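The structure under discussion appears below in the form of structure tokens.
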2 protein chains.
Amino acid sequence: MTDDKRTFGQIVRDTRLNLRKTNADFSLRKFAFRIGISPTYLSKAETDEFQPPRAEKVVRIAEELGINKFVLLTKANHIDPGLKAILLKRQSELAELILLVSDMSADQISVIVEAIRKSKEDS
Amino acid sequence: MTDDKRTFGQIVRDTRLNLRKTNADFSLRKFAFRIGISPTYLSKAETDEFQPPRAEKVVRIAEELGINKFVLLTKANHIDPGLKAILLKRQSELAELILLVSDMSADQISVIVEAIRKSKEDS
DNA sequence: ATATGTGTTTAATATATATTAAACCTAAAT
DNA sequence: ATTTAGGTTTAATATATATTAAACACATAT
């Protein structure tokens, strides 16, 4: 299960410090500049004193850290910009589907995804 | 097709004025107070001079006007708070599904919804 | 004529969210 | 002993989004 109990800040700091062990480019300052935020802000965000940055920055952080962006976005209380764009355009049509699967397990949803994928191949 | 070319403001004003024909409670002022926004704001929003109000207010407007909330939310560039809550919790699990169906027609999505609904009955 | 109801406009704020510069305090390297 | 690199703290802003009070103009009812 992808059920990480840690906060946004804890995940980012833990992961970054781990990478820093073998790569000095993962110091707080260098990492912050690479992402496009100030060291100040990253410091506070990693200690959960500030709220996480906006969605786009969170995605960049996840990419740089090599972790799943959706997990980090969820911790940051953001919806992925790509998903958001799709939903903004088609929420009437997608609402039913999302509500319908919202009480299903991840496994059950995977089964559905696979079924749809297969049916798509046959066309 | 639910493809209304009108803006948020146009839809709200048109619908409200229609209701007002037979019901004085749909004057701009009374309606605004009922929704919980100022007449000023509603006036500007209905003429698209201000951006639409926040999602919760848009939902209330749709309910009062008796129109589909998702359509109005889309025009207002908001995601339905209910959907948003689901996505914030489970976007890792739902992302694949949403991306997969995002290029399908509304009809095709309906077919999938029906299939899932049936399979749910058998359990 | 005036009070009442309608929508509009002017002129600002309010509120939340996102964000920073600069000074600071270490510990390690020179 | 001092430069360097690390992270922290103070003290504010910046930015976007959401929102309003009060005065106005016009029509209709009294």
Side-chain angles (χ1 to χ4, degrees), chain A residues 7-62 64-65 72-81 84 88, chain B residues 7-62 64-65 72-81 84 88:
Chain A
T7 63
F8 172 83
Q10 288 165 350
I11 292 175
V12 174
R13 174 147 296 188
D14 287 0
T15 311
R16 182 177 63 77
L17 289 183
N18 243 319
L19 290 165
R20 202 198 49 174
K21 285 179 192 164
T22 58
N23 187 341
D25 288 343
F26 284 91
S27 80
L28 184 140
R29 279 163 196 268
K30 287 189 183 166
F31 188 65
F33 285 123
R34 198 131 34 89
I35 298 304
I37 59 181
S38 67
T40 302
Y41 189 25
L42 182 58
S43 173
K44 291 292 193 185
E46 285 190 349
T47 51
D48 297 298
E49 292 165 79
F50 279 179
Q51 285 178 234
R54 66 169 60 144
E56 288 75 8
K57 304 269 167 108
V58 172
V59 171
R60 294 214 52 204
I61 291 171
E64 286 281 335
L65 295 178
L72 200 60
L73 282 163
T74 295
K75 293 294 182 178
N77 233 265
H78 290 306
I79 290 175
D80 176 67
K84 198 170 175 181
L88 278 177
Chain B
T7 63
F8 172 83
Q10 287 165 349
I11 293 174
V12 174
R13 174 147 295 187
D14 287 0
T15 312
R16 182 178 62 78
L17 289 183
N18 242 319
L19 290 165
R20 201 198 50 173
K21 286 179 191 164
T22 58
N23 186 343
D25 289 343
F26 284 91
S27 79
L28 184 140
R29 279 163 197 269
K30 287 188 181 165
F31 188 65
F33 285 123
R34 199 133 30 89
I35 299 302
I37 59 181
S38 67
T40 300
Y41 189 24
L42 181 57
S43 173
K44 292 291 194 186
E46 285 190 349
T47 51
D48 297 298
E49 292 164 80
F50 279 179
Q51 284 178 233
R54 67 169 59 144
E56 289 75 7
K57 305 268 167 107
V58 171
V59 171
R60 294 214 52 206
I61 290 171
E64 286 281 336
L65 295 179
L72 201 60
L73 282 163
T74 295
K75 293 293 182 178
N77 234 264
H78 290 306
I79 291 175
D80 176 67
K84 199 170 175 179
L88 278 177

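So that the names make sense, note that chain A is the first sequence line, chain B the second, and so on, each numbered from 1. Note that these values count all heavy atoms, side chains included, but never hydrogens, waters or copies made by symmetry. Computed from a predicted structure; not experimentally measured.
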Please state how far atom [atom1] in [X] lies from atom [atom2] in [N], giving the value in whole angstrom units.
X	N	atom1	atom2	value
B:Phe50	D:dT20	CZ	P	10 Å
A:Ile79	C:dT17	CD1	P	14 Å
B:Asn77	D:dA16	CG	P	16 Å
A:Tyr41	C:dT19	OH	P	5 Å
B:Ile35	D:dT20	CD1	P	12 Å
A:Asp25	D:dA5	CG	P	13 Å
A:Glu49	D:dT10	CD	C1'	12 Å

Rounded to the nearest 0.5 angstrom, the CZ-CZ distance for A:Arg34 and A:Phe31 is 6.5 Å

Check your understanding: Is a side-chain N or O of A:Lys57 found less than 3.5 angstrom from the main chain of A:Gly36, in a donor-acceptor match?
Key ->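 It does hold such a pair.
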
For A:Glu56, does its backbone N or O pair with a side-chain atom of A:His78 as donor and acceptor, under 3.5 Å? no

Ignoring hydrogens, what is the shortest heavy-atom contact between [X] and [Y]? Give both atom names and the distance.
X	Y	result
A:Leu88	B:Thr74	O-CG2, 2.9 Å
A:Pro53	A:Ile61	CG-CD1, 4.1 Å
A:Val59	A:Pro81	CG2-CD, 4.2 Å

Handout entry: DNA chain C-proximal residues of residues 52-61 of chain B, any heavy atom under 4.0 Å
Key =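 Nothing qualifies; none.
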
Can you tell me which residue among A:Arg20, A:Lys21, A:Arg16 is in a side chain to side chain donor-acceptor pair (under 3.5 Å) with A:Asn18?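 Option passing the side chain to side chain donor-acceptor pair (under 3.5 Å) with A:Asn18: A:Lys21.
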
5' to 3', nucleotides 2-8 of chain C under a 4.0 Å protein heavy-atom cut-off (B base, S sugar-phosphate only, - none) gives ----BBB

With sugar-phosphate meaning primed atoms plus P, OP1 and OP2, does B:Leu42 contact a base, only sugar-phosphate, or nothing at under 4.0 Å between heavy atoms?
nothing

Those residues at least two apart in sequence (or on a different chain) that pass salt bridge (Lys or Arg N to Asp or Glu O under 4.0 Å) with B:Asp14 are B:Arg6

Quiz prompt | Atom NZ of B:Lys75 with >12 non-hydrogen neighbours under 6.0 angstrom | solution =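 Yes.
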
